[in-house]
Amino acid sequence: MEMLKEKIRQEGLVPSDNILKVDSFLNHQIDPVLMMAIGEEFARLFADAGITKILTIESSGIAAALTAGLKLNVSLVFARKKKSVLMNEDVYMTDVHSFTKNETNQVTVLKKFLPAGETILIIDDFLANGEAALGLAHLVEQAGSTVAGIGIVIEKAFQNGGARLREKGFRVESLARIASLTAGEVTFVEECVQ
Ligand code: 5GP
């Protein structure tokens, strides 16, 4: 997605060889125009997948999931990383190891918001090692629903998450795929000289 790639080129920061910081438009401050375009692109890619609900994880997946939900005309639910004291009802739960925070969270979603028989689109902001997406897929499986696809805003293709998800048969659509972040430079997959 060219508009997203241009934004990454202009505003993305590379603090280390495996982290991209995009807090000026995705992870802290949010660019609503770009986010609407991201939702439209996910909706276009998954138009024929029969999506009935979107599942994401708090917090940075929510904006993209919201605009995709608006365009696909379905509701979204975000899994919580910390179990709230207010969540005394029945939940599905799975452990997700966070790549950026290096901690494992018990990720939960209320059963009533993730019923059986749904066709789910999983959305997240980044794909690194695939832990978050696999955790969300595990919640969908527990619910007795189906994962129709996984929509990722930025895939770091030099990490193994994409391969892990695709090997398991999931349809993964990433709007920007990064081949490397070496020497402070963002190189997209399409720009890679083979
Ligand atoms: P995974 O679960 O695929 O290993 O990592 C994806 C999750 O870690 C995303 O939900 C995202 O929050 C975070 N993440 C992984 N890599 C990056 C990165 O380079 N930049 C940012 N901002 N977040 C990342």
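On a predicted model such as this, the values are computed, not experimentally measured, just so you know. In listed order, ligands and their atoms are each counted from 1.
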Legend entry - Same apolar cluster: I152 and L181, side chain cutoff 4.5 Å: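 No: no chain of side-chain contacts under 4.5 Å links I152 to L181.
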Inset, instruction - Locate the shortest heavy-atom distance separating A176 from F188; write the atom from each residue and the value. - result: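 Closest pair (atom of A176, atom of F188, distance): CB-CE2, 4.2 Å.
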Inset, instruction - Using a strict cut-off of less than 4.0 Å between a Lys/Arg side-chain nitrogen and an Asp/Glu carboxylate oxygen, indicate whether E40 and K71 qualify as a salt bridge. - result: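 Salt bridge flag = yes for K71 with E40.
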Inset, instruction - Show the protein residues that qualify under the rule heavy atom under 4.0 Å from an atom of ligand 1, listing them in chain and number order. - result: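 Near ligand 1, by chain and number: N18, I19, L20, N27, F99, T100, D124, D125, F126, L127, A128, N129, G130, E131, A132, K156.
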Between side-chain atoms of residues 116-126 and protein atoms elsewhere (two or more places apart, or another chain), which donor-acceptor pairs fall under 3.5 Å?
unit_1, atom_1, unit_2, atom_2, d
E118, OE1, T52, OG1, 2.6
D125, OD2, N27, ND2, 2.8

Inset, instruction - Could I get the full list of salt bridge (Lys or Arg N to Asp or Glu O under 4.0 Å) partners for K5, not counting sequence neighbours? - result: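 For K5, the residues satisfying salt bridge (Lys or Arg N to Asp or Glu O under 4.0 Å) (neighbours in sequence not counted) are E2, E190.
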Inset, instruction - Sorted by first residue and then second, give each side-chain hydrogen bond (donor to acceptor under 3.5 Å, both in side chains) pair with at least one member in residues 149-160; sequence neighbours left out. - result: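 Qualifying pairs, neighbours excluded: E155-R166, E155-S174, E155-R177, K156-Q159.
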